[in-house]
Amino acid sequence: MVTEHTSQPNSKTTHNRLSVKLPFFEGHFDLKLGVKMKSREVLALFLCLNVFLLGAIAEPPTCPADANNECSHSGDWEGEFFPGINKIVYEGPASKNPLAFKWYNANEEILGKKMKDWMRFSVAFWHTFRGTGGDPFGAATKYWPWEDGTNSVAMAKRRMRANFEFIKKLGVEFWCFHDRDIAPDALTLEETNANLDAVVALAKELQGTKIKPLWGTAQLFMHPRYMHGAATSSEVGVYAYAAAQVKKAMEVTHHLGGENYVFWGGREGYQSLLNTDMGRELDHMARFLQAAAAYKKKIGFNGTLLIEPKPQEPTKHQYDWDAATSANFLRKYGLIDDFKLNIECNHATLSGHSCHHELETARLNGILGNIDANTGDPQVGWDTDQFLTDIGEATMVMLSVVKNGGLAPGGFNFDAKLRRESTDVEDLFIAHISGMDTLARGLRNVAKLIADGSLTELVRKRYQSFDTEIGAQIEAGKADFEYLEKKAMEWGEPKVPSAKQELAEMLFQSALFFIQSVILRTTQGCIELCV
């Protein structure tokens with residue numbers, strides 16, 4: 001980089017030309033500087049330009065390595081977003097191909113349903129296409145080749161095209177979104193809605209007749225206006241804005257054929273009770289949800305409304321702490337017939353429960369609607385949103401799903417993100433394949449447990465004393481305390497048998513590791529393996 005100084009005849013102005021030759025740019029900038037500008041000011045200006053240019057050099061690449069043409073900022077994209085990756089297919093447990101299913105065989109029937117109907121897998125747009133790998137301690141690490149560094153409508157459309165190519169190659173039929181993840185905010189609500197309409201129109205075209213949203217939702221937690229909450233904000237203007245945003249998000253979810261609509265109240269809680277009217281905030285949240293249920297009916301949206309419990313983060317205390325708290329809230333405000341729960345496994349552990357516990361609590365209350373399939377790290381105390389890869393946990397999750405008769409119209413949404421250090425495009429596929437295979441293996445394990453029957457029989461025997469006449473009276477609510485007192489005196493000190501917990505755990509673990517024989521074909525012939 002060099003500087004040339006020129007002057008025009010009879011002119012009081014000196015022209016300074018900055019000539020630049022860099023790997024990505026060759027040319028010059030003309031800067032009109034007054035003759036009285038001091039040399040140190042010129043030097044300061046050029047130092048600033050140096051910083052600017054170095055920043056430009058540090059920008060992440062925005063074109064594929066094999067691109068023949070320059071990247072377009074118009075939203076157009078030539079060729080595939082995931083070149084070299086074919087549609088993912090089932091190859092069986094013996095496969096070593098990371099881009100193939102080993103356990104998930106979509107059309108295979110297990111326990112009377114196809115695997116795809118048990119699972120109803122969904123891709124989360126926000127983690128898959130808006131996740132950057134950034135965290136509170138570090139900048140973004142992921143720069144997908146189709147990104148141009150803007151948050152424009154054109155870029156949003158390009159991401160949407162990438163989304164549907166990914167979904168089709170992965171072989172799933174559902175996707176989930178927040179409104180502000182798929183289309184950018186603008187200066188006014190009207191302009192923002194127009195942005196959303198433009199992107200949704202493209203999504204409608206791309207998804208065709210076989211793909212649709214498992215659910216949609218409004219992002220009511222990121223914008224500064226929601227720092228005190230949305231439905232629980234202390235400002236009535238924020239409450240009204242949130243209602244308008246949910247109204248629009250519900251409309252586009254309905255337009256896209258979505259089967260559910262989710263409310264995640266990340267800011268619906270408090271940081272301190274000293275400045276919080278908790279009773280009033282809970283009443284406001286209930287009125288908000290009542291209005292949402294009424295609007296759903298008004299527009300003819302037949303999807304299920306879902307509340308997603310979470311105990312904390314970002315608030316110190318979130319009002320829908322866990323499944324039991326949410327069920328109580330819904331009953332108190334007369335909403336139990338209008339809403340079900342979207343259970344996220346990582347949220348379950350944050351609230352001090354297992355995912356299995358939260359699923360059973362929701363199921364037994366008749367409000368298990370959907371599962372956000374992820375997990376946390378037991379050594380980390382926050383919401384890490386990792387892909388579920390624990391076979392034991394997946395088996396317990398599928399036990400609840402099978403007892404529930406499935407999840408439809410809900411399903412499994414992969415509310416999970418790549419680790420910060422995983423930066424290859426193919427990692428997006430590998431992570432989803434691993435998550436899908438893990439849950440598929442869990443379903444296969446449940447089928448083995450049911451076929452074997454030993455664990456079911458152990459539980460039946462544990463409660464068999466209630467399979468008597470007096471037990472039936474108790475369960476029917478026909479045994480009062482006077483009657484039970486007489487029986488206690490008649491029987492004397494009860495004998496309490498073993499619960500056989502270790503045997504139950506043994507039976508459960510046996511299903512995890514006893515997998516049916518598979519045939520591995522090699523050049524020498526067929527070798528039978530017991531995996």
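The first residue in the sequence is number 1, and the count goes up from there.
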Exercise for the section: Would you please say whether a donor-acceptor pair under 3.5 Å links the side chains of D148 and T150? Expected result: yes

Exercise for the section: May I have the step-by-step check of side-chain contact (heavy atoms from CB on, under 4.5 Å) for L273 and H317, ending in yes or no? Expected result: CA-CA 10 Å; L273 282 174; H317 180 96; over 6 Å; no

Fill in the blank from the handout: Here the gap from S326 atom OG to F263 atom CZ, rounded to the nearest 0.5 Å, amounts to 13.0 Å

Problem - Electrostatic pair E147:R159 at N-O distance under 4.0 angstrom - result: yes

Handout entry: Polar contact flag, side-chain donor to acceptor under 3.5 angstrom, D322-T325
Key = yes

Exercise for the section: Measure the CD-CG distance between E259 and L214 for me, rounded to the nearest 0.5 Å. Expected result: 7.0 Å

Problem - Derivation and outcome, salt bridge (Lys or Arg N to Asp or Glu O under 4.0 Å), residues K87 and E165 - result: CA-CA 10 Å; K87 184 171 181 178; E165 182 182 319; over 6 Å; no

Practice task
Determine the interplanar angle of the F429 and F82 rings, folded into 0 to 90°, and report it as parallel if under 30°, tilted if 30 to 60°, perpendicular if over 60°.
Solution key: perpendicular

Practice task
Measure the spacing between CD of Q271 and CD of Q312 and express it to the nearest 0.5 Å.
Solution key: 10.0 Å

Ignoring hydrogens and angles, write down the donor-acceptor pairs under 3.5 Å from the side chains of residues 234-241, residues two or more places apart or on other chains.
from : atom 1 : to   : atom 2 : distance (Å)
Y239 : OH     : H284 : O      : 3.4
Y239 : OH     : F288 : N      : 3.1
Y241 : OH     : R225 : NH2    : 3.4

Problem - Aromatic ring pairing F125/F129, orientation class (parallel under 30°, perpendicular over 60°, tilted between) - result: tilted

Exercise for the section: Check the angle between the aromatic planes of W215 and W126 and answer parallel, tilted or perpendicular using the 30° and 60° thresholds. Expected result: tilted

Exercise for the section: Please lay out, stage by stage, how F121 and F414 fare under the test ring pair (Phe, Tyr, Trp, His ring centres under 6.0 Å). Expected result: CA-CA 7 Å; F121 286 129; F414 284 109; 5.3 Å; yes

Practice task
Please name the pair of heavy atoms, one in L306 and one in F339, separated by the smallest distance, quoted to 0.1 Å.
Solution key: N-CD2, 4.3 Å

Handout entry: SB check R363 E358 (cutoff 4.0 Å)
Key = no

Practice task
Evaluate whether atom CG of D135 has more than 12 neighbouring non-hydrogen atoms of other residues, nucleotides or ligands under 6.0 angstrom away.
Solution key: yes

Handout entry: Geometric class of the F387/H432 ring pair [parallel <30°, tilted 30-60°, perpendicular >60°]
Key = perpendicular

Exercise for the section: Mark yes or no for whether E191, through its side chain, and T188, through its backbone, hold a donor-acceptor pair below 3.5 Å. Expected result: yes

Exercise for the section: Given side-chain contact (heavy atoms from CB on, under 4.5 Å), test K116 with Y104 step by step and report yes or no. Expected result: CA-CA 8 Å; K116 68 176 185 177; Y104 177 64; 3.3 Å; yes

Practice task
Tell me yes or no: between the side chains of N374 and E344, is some donor less than 3.5 Å from an acceptor?
Solution key: yes

Handout entry: Side-chain donor-acceptor contact under 3.5 Å, Q318 with D320
Key = yes

Exercise for the section: Compute whether any side-chain donor of one residue and acceptor of the other, for Q207 and W175, lie under 3.5 angstrom apart. Expected result: yes

Fill in the blank from the handout: CE (M115) and CD1 (I110) are apart, to the nearest 0.5 Å, by 4.0 Å

Handout entry: Donor + acceptor pair across side chains of E281, Y319 (<3.5 Å)
Key = yes

Exercise for the section: Indicate whether the side chain of Q501 and that of E505 have a donor and an acceptor atom separated by less than 3.5 Å. Expected result: yes

Practice task
Kindly write out the residues that satisfy ring-ring contact (aromatic ring centres under 6.0 Å, His included) with F508, not counting sequence neighbours, or none if the list is empty.
Solution key: none

Exercise for the section: List the steps, then state whether salt bridge (Lys or Arg N to Asp or Glu O under 4.0 Å) holds for E108 with R444. Expected result: CA-CA 11 Å; E108 180 181 347; R444 293 178 185 276; 2.7 Å; yes

Practice task
Spell out, as yes or no, whether a donor-acceptor pair under 3.5 Å connects the side chain of E313 to the backbone of D383.
Solution key: yes

Exercise for the section: Given side-chain contact (heavy atoms from CB on, under 4.5 Å), test L507 with L458 step by step and report yes or no. Expected result: CA-CA 10 Å; L507 294 171; L458 183 150; 4.1 Å; yes

Practice task
Tell me, please, which residues at least two apart from D181 pass salt bridge (charged side-chain N to carboxylate O under 4.0 Å, His left out).
Solution key: none

Practice task
Scan side-chain atoms only and decide if Y295 and E251 contain a donor-acceptor pair under the 3.5 Å cut-off.
Solution key: yes

Problem - R280, CZ: over 12 other non-hydrogen atoms inside 6.0 angstrom - result: no

Practice task
Could you check if a side-chain atom of Y333 sits within less than 4.5 angstrom of a side-chain atom of L289, using non-hydrogen atoms only?
Solution key: no

Practice task
With rounding to the nearest 0.5 Å, note down the distance linking CZ in F137 to CZ in R420.
Solution key: 11.0 Å

Exercise for the section: Taking K169 for its side chain and I85 for its backbone only, find out whether a donor-acceptor pair lies under 3.5 Å. Expected result: yes

Handout entry: K204 NZ: over 12 foreign heavy atoms closer than 6.0 Å
Key = yes

Handout entry: Between CG on residue L512 and OG1 on residue T395, distance to nearest 0.5 Å
Key = 4.5 Å

Handout entry: W144 ring center near F81 ring center (under 6.0 Å)
Key = no

Exercise for the section: Pick out which of N370, N413, D415 makes a side-chain hydrogen bond (donor to acceptor under 3.5 Å, both in side chains) with N342. Expected result: N370

Handout entry: From D372, D377, D385, residue fulfilling side-chain contact (heavy atoms from CB on, under 4.5 Å) relative to N346
Key = D385

Exercise for the section: Using distance alone, with no hydrogens and no angle criterion, decide if S400 and E360 have a side-chain donor and acceptor under 3.5 Å apart. Expected result: yes

Exercise for the section: Verify whether one side chain among Q245 and Y226 offers a donor that lies under 3.5 Å from an acceptor in the other. Expected result: yes

